[in-house]
Amino acid sequence: MTADGFITCLWFDDQAEEAAHHYVSIFENSSLGEVTRYTEGSPRPAGTVLTVEFTANGQKFVGLNGGPGFTFNEAVSFQILCDDQEEVDHYWTKLTEGGEPGSCGWLKDRYGVSWQVVPRAFVEMMRSSEAEKATRAMKAMLAMGKLDIDALRKAYAGE
């Protein structure tokens with residue numbers, strides 16, 4: 001299988017092109033790709049967007065305007081690993097615009113897609129062989145909406 005042989009398809013009612021533009025505006029290493037349109041005799045009006053290909057942060061996606069039959073839920077989410085608080089704040093702010101913040105670093109964007117905005121530092125804390133420290137960081141994380149790296153580090157250190 002080639003590197004582009006694995007593409008995530010996101011099913012929208014009729015917002016695939018709008019969503020693609022939105023995601024491309026948020027993430028670096030992103031671009032819009034080919035757009036296909038419904039033809040005469042299709043379930044949607046001829047000329048309306050059927051699919052839109054896009055790349056967000058190097059990951060390939062296709063947005064499909066398939067109608068209201070399916071909606072997004074938390075069973076699938078996208079993790080964004082962040083190097084610093086500025087990055088956490090950026091993604092949290094951009095993705096919650098028109099969406100809704102959740103707990104533990106989770107949120108839903110304006111299209112109902114679930115995201116986890118996670119500092120790499122927290123991932124390292126959870127990998128620690130020092131269980132007490134990891135437990136303190138986990139407890140702190142469970143009380144947060146948007147994750148705060150400094151607060152997580154303090155909890156990890158027992159401060």
Side-chain angles (χ1 to χ4, degrees), residues 3-4 6-35 49 51-66 68 70-159:
D4 64 348
F6 195 85
I7 299 171
T8 302
C9 180
L10 300 174
W11 180 299
F12 296 89
D13 180 4
D14 61 1
Q15 312 95 337
E17 188 172 31
E18 175 188 319
H21 282 276
H22 181 64
Y23 297 138
V24 166
S25 76
I26 293 173
F27 295 97
E28 293 182 13
N29 192 21
S30 300
S31 61
L32 293 170
E34 190 171 330
V35 175
V49 173
T51 64
V52 58
E53 296 173 2
F54 65 99
T55 301
N57 199 30
Q59 171 65 45
K60 291 188 175 200
F61 292 88
V62 62
L64 167 69
N65 283 332
F70 298 105
T71 57
F72 299 109
N73 66 51
E74 295 81 0
V76 174
S77 62
F78 295 99
Q79 284 189 344
I80 306 167
L81 296 176
C82 301
D83 292 325
D84 54 37
Q85 192 64 47
E86 183 179 345
E87 206 174 5
V88 169
D89 295 346
H90 166 77
Y91 291 120
W92 188 269
T93 299
K94 293 294 185 182
L95 290 167
T96 57
E97 288 174 357
E100 58 187 76
S103 57
C104 307
W106 288 59
L107 63 90
K108 278 191 178 181
D109 69 21
R110 65 180 72 172
Y111 307 102
V113 176
S114 293
W115 298 84
Q116 298 174 55
V117 183
V118 182
R120 290 181 195 276
F122 179 70
V123 173
E124 291 303 314
M125 290 175 209
M126 293 299 96
R127 292 179 178 159
S128 172
S129 61
E130 299 180 73
E132 287 181 29
K133 289 182 172 186
T135 298
R136 287 193 302 263
M138 175 65 77
K139 286 181 180 177
M141 182 275 301
L142 291 171
M144 296 178 184
K146 176 179 72 174
L147 300 187
D148 179 322
I149 297 171
D150 286 341
L152 291 167
R153 284 186 174 135
K154 286 178 182 176
Y156 182 81
E159 296 175 15

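Predicted model only: the values in this text are computed from it and were never measured.
The heavy-atom pair separating A134 from M126 by the smallest distance is O-CE, 3.0 Å. W92 approaches T96 most closely through the heavy-atom pair O-OG1, 2.7 Å. Heavy atoms only, all atoms of each residue included: E87 and D84 are closest at N-OD1, 2.8 Å. Contact between F27 and A56 at its shortest, heavy atoms only, is CD1-CB, 4.1 Å. In this structure, C82 and V88 approach most closely via the heavy-atom pair CB-CG2, 3.6 Å. The shortest non-hydrogen separation linking L152 to A137 is CD2-O, 3.6 Å.
Rounding to the nearest 0.5 Å places CD of E34 at 7.5 Å from OG1 of T51. Atom OG of residue S77 and atom CH2 of residue W106 lie 3.5 Å apart, to the nearest 0.5 angstrom. Interatomic distance, L64 CG to D14 CG, rounded to the nearest 0.5 Å: 11.5 Å. Atoms CZ and CG, from F54 and L32 in turn, are 8.5 Å apart once rounded to the nearest 0.5 Å. Within the model, atoms SG of C104 and CE of M144 stand 10.0 Å from one another, a figure rounded to the nearest 0.5 Å.
Residues D150 and Q85 form no side-chain contact, since every pair of their non-hydrogen atoms from C-beta on lies 4.5 Å or further apart. Taking the side chain as every heavy atom from C-beta outward, E53 and K60 never approach each other to under 4.5 Å. S31 places none of its side-chain heavy atoms less than 4.5 Å from the side chain of V24. Considering only heavy atoms from C-beta on, S30 stays 4.5 Å or farther from Y23 through its side chain. You'll find the side chain of E97 reaches within 4.5 Å of the side chain of R110, heavy atoms only. Using a 4.5 Å heavy-atom cutoff, the side chains of I26 and H90 are in contact.
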Working for side chain to side chain contact (heavy atoms under 4.5 Å, CB included), residues R153 and M125: CA-CA 8 Å; R153 284 186 174 135; M125 290 175 209; 3.5 Å; yes
For ring pair (Phe, Tyr, Trp, His ring centres under 6.0 Å), just list the numbers for F122 and Y156, CA-CA rounded to whole Å, side-chain angles, deciding distance to a tenth of an Å, and then say yes or no. CA-CA 9 Å; F122 179 70; Y156 182 81; 9.5 Å; no
Kindly indicate, with the supporting measurements, whether the criterion side chain to side chain contact (heavy atoms under 4.5 Å, CB included) is fulfilled by L95 and I80. CA-CA 11 Å; L95 290 167; I80 306 167; 3.5 Å; yes
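Panel note: side chain R136, backbone A155; a donor-acceptor pair is recorded below 3.5 Å. With hydrogens and angles ignored, the 3.5 Å screen pairs a side-chain donor or acceptor of N65 with a backbone N or O of Q15.
F72 pairs with exactly one of F12, W115, F78, Y111 by the ring-ring contact (aromatic ring centres under 6.0 Å, His included) rule, that one being F12.
No hydrogens or angles considered: nothing links the side chains of S114 and E74 as a donor-acceptor pair under 3.5 Å.
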